[in-house]
Protein chains: 2
Amino acid sequence: MKSVIPVTVVDIKVACSQCNLRELCLPFGLDPNEIDQLDELVGSRRKIKRQQHLYRSGDSFEAIYAIRAGSFKTDVILEDGRDQVTGFQMTGEVLGLDGISTEHHSCNAIALEDSEVCVIPFTRLEELSREVESLQHQFHKIMSREIVRDHGVMMLLGSMRAEERLAAFLLNMSQRFTARGFSPSEFHLRMTRDEIGSYLGLKLETVSRAFSRFQEEGLVAVQQKHIRILDTPGLKRLLNHHAA
Amino acid sequence: MKSVIPVTVVDIKVACSQCNLRELCLPFGLDPNEIDQLDELVGSRRKIKRQQHLYRSGDSFEAIYAIRAGSFKTDVILEDGRDQVTGFQMTGEVLGLDGISTEHHSCNAIALEDSEVCVIPFTRLEELSREVESLQHQFHKIMSREIVRDHGVMMLLGSMRAEERLAAFLLNMSQRFTARGFSPSEFHLRMTRDEIGSYLGLKLETVSRAFSRFQEEGLVAVQQKHIRILDTPGLKRLLNHHAA
DNA sequence: GGGGCCCTTTGATCCACGTCAATACTGTTT
DNA sequence: AAACAGTATTGACGTGGATCAAAGGGCCCC
């Protein structure tokens with residue numbers, strides 16, 4: 001079927017100024033004129049199919065990526081094959097910051113579903129952020145946020161028990177879905193039990209058992225990847241009321 | 001006793017340009033003129049006694065800190081009292097990046113020995129890094145390095161066994177001492193077994209036992225906090241030759 | 001719309017590390 | 001030089017989560 005509306009590449013391109021994710025992403029805090037400058041910088045968009053790599057560990061670092069649609073995981077792989085999921089990323093979040101330090105990426109970024117990213121050439125971002133103070137500051141905040149987030153994961157991996165880890169994970173997902181205008185209590189996980197387990201430092205069986213236990217206790221309703229949180233305070237209690 | 005040599009504050013102040021840590025720290029990659037500009041920005045130095053806080057979680061964020069002498073740990077504390085050491089920092093490394101994201105620090109920084117830091121007011125650092133490209137880039141690299149380092153710790157906490165974790169820790173310490181001109185094979189740890197354990201997600205007894213085991217196997221000679229690495233390849237083998 | 005494969009769940013057993021406890025060492029204070 | 005407090009080592013025992021195993025379910029691709 002032919003489209004009656006002529007569509008050009010320019011039409012398809014969604015500018016930062018029009019993007020409904022701008023409050024979560026790099027444009028946050030910029031005025032309209034500054035956003036236009038950022039728009040010029042965002043060279044292209046790239047579609048990544050489910051299970052495909054956005055970049056691989058070792059790839060030379062050229063750009064960072066803002067997620068426009070879909071979601072990703074990042075992981076690190078050891079020589080002996082063991083791997084560790086280091087994070088799950090949703091729309092509006094930025095990928096690739098790991099590459100700045102050595103000019104090469106140090107982890108893999110893999111799409112959990114068909115996704116689309118905005119490619120932000122890093123040299124040009126540094127140029128522009130030398131001119132636009134608010135962009136510079138927002139970029140620094142985004143990097144810092146990643147550091148803080150990682151500390152939270154270290155806390156989780158280093159001193160929490162299995163059910164606490166999963167509760168923290170679910171509450172974190174809920175909060176991030178909420179920030180994107182979705183339901184805080186009902187969502188669809190894009191990752192497998194194995195990937196959740198790798199992220200949380202647990203085996204997939206342990207993740208599955210913890211889900212079942214939460215279900216028995218009436219905290220959540222689980223149906224495969226579909227999650228309904230029934231008792232948010234109950235989950236929060238799991239986190240804090242653990243005598244040291 | 002009176003000093004015969006007149007000493008002014010200016011004399012005491014050690015400029016970045018004179019600092020033997022500049023290759024590890026913020027000045028890396030700057031030309032002499034740029035280093036002078038950075039020097040002006042580094043307002044003051046601060047001495048922190050052993051066990052004292054450089055900053056606490058919740059403190060408002062004003063500056064980042066470069067370690068001139070001594071060493072620190074950072075930790076995160078949960079409401080129920082559990083805490084997690086998120087890192088150990090040595091001379092030339094930068095502390096406080098966690099505070100950028102919310103304008104408040106999100107962890108505690110505590111001196112492991114009597115130490116001294118250079119205070120770098122953050123607003124002024126952002127100003128100068130808008131003018132000095134090489135400073136901007138070095139700062140971004142430092143933040144990115146922290147992210148990469150954290151991913152390494154997540155790998156360690158999420159998928160390594162106790163002895164692998166300790167081996168990785170010792171090799172990391174060795175490498176960092178080497179970068180500072182100290183012996184790669186013989187050094188003094190500033191932190192307790194409990195702090196190492198917290199960092200590695202292990203109990204202090206497990207850390208102690210792993211040390212003893214390494215000693216039995218001739219990998220290291222341990223005498224309390226004094227460590228002599230006898231078989232570096234052996235320690236490395238512990239890390240990689242673990243069938244998944 | 002059917003077939004195959006991956007994902008998930010659940011059970012039984014095992015083991016690495018945690019817990020509890022006692023003792024020894026070390027550096028610091030008086 | 002003695003006393004102390006914090007730190008470290010070592011042993012005995014318990015347990016949370018890993019491992020091994022098997023069956024069921026759902027989703028994706030053809």
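The closest donor-acceptor contact from the side chain of A:Ser144 to the backbone of B:Leu97 lies under 3.5 Å. The backbone N or O of A:Ile120 sits nowhere less than 3.5 Å from a side-chain atom of A:Tyr65 that would complete a donor-acceptor pair. Distance alone, capped at 3.5 Å, is enough to place a donor-acceptor pair between the B:His104 side chain and the B:Gly58 backbone. B:Asp75 contributes no side-chain N or O that, together with a main-chain N or O of B:Asp83, makes up a donor-acceptor pair within less than 3.5 Å.
In this structure, B:Glu163 atom CD and C:dC15 atom P are separated by 16 Å, rounded to whole Å. With rounding to whole Å, B:Arg193 atom CZ is found 18 Å from C:dG18 atom C1'. Here the C1' atom of nucleotide D:dC28 and the CG atom of A:Leu112 are 17 Å apart, to the nearest Å. Between the NE2 atom of A:His226 and the P atom of D:dC27 there is a distance of 12 Å, rounded to whole Å. The nearest whole Å value for the distance from the CG atom in A:Leu166 to the C1' atom in D:dG16 is 15 Å. One atom, CD1 of B:Ile227, and another, P of D:dT7, lie 16 Å apart when rounded to the nearest Å. Going from atom CD of A:Glu113 over to atom C1' of D:dC28 covers 15 Å, rounded to whole Å. The distance between atom CG of B:Leu156 and atom C1' of C:dC17, rounded to the nearest whole Å, is 15 Å.
A search for side chain to side chain donor-acceptor pair (under 3.5 Å) contacts involving B:Thr232 returns nothing, not counting sequence neighbours. Partners of A:Glu205 under the salt bridge (charged side-chain N to carboxylate O under 4.0 Å, His left out) rule, at least two apart in sequence or in another chain, do not exist in this structure. Taking the salt bridge (charged side-chain N to carboxylate O under 4.0 Å, His left out) definition, one finds that A:Glu62 meets it with nothing, sequence neighbours left out.
The aromatic ring centres of A:Phe72 and A:Phe88 sit 6.0 Å or more apart. For A:Phe187 and A:Phe182, the ring centers are positioned 6.0 Å apart or more.
Five base pairs at each end of the helix from C:dG1-D:dC30 to C:dT30-D:dA1 define two local axes, and these are offset by 60° (rounded to 10°).
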Under 3.5 Å, N/O pairs linking protein and nucleotides 24-30 of chain C:
none

Residue pair B:Lys73, B:Glu195: steps toward the salt bridge (charged side-chain N to carboxylate O under 4.0 Å, His left out) verdict = CA-CA 9 Å; B:Lys73 68 170 177 181; B:Glu195 288 164 335; 2.9 Å; yes
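Near-neighbour residues of DNA chain C inside residues 194-215 of chain B, defined by a heavy atom below 4.0 Å, number-ordered: B:Gly201, B:Leu202, B:Lys203, B:Glu205, B:Thr206, B:Arg209.
Each of A:Arg165 and A:His188 was matched to the nucleotide of DNA chain D holding its nearest heavy atom; the match closer to the 5' end belongs to A:Arg165.
Under a 4.0 Å N-O distance rule, the pair A:Glu113/A:Arg50 does not qualify as a salt bridge.
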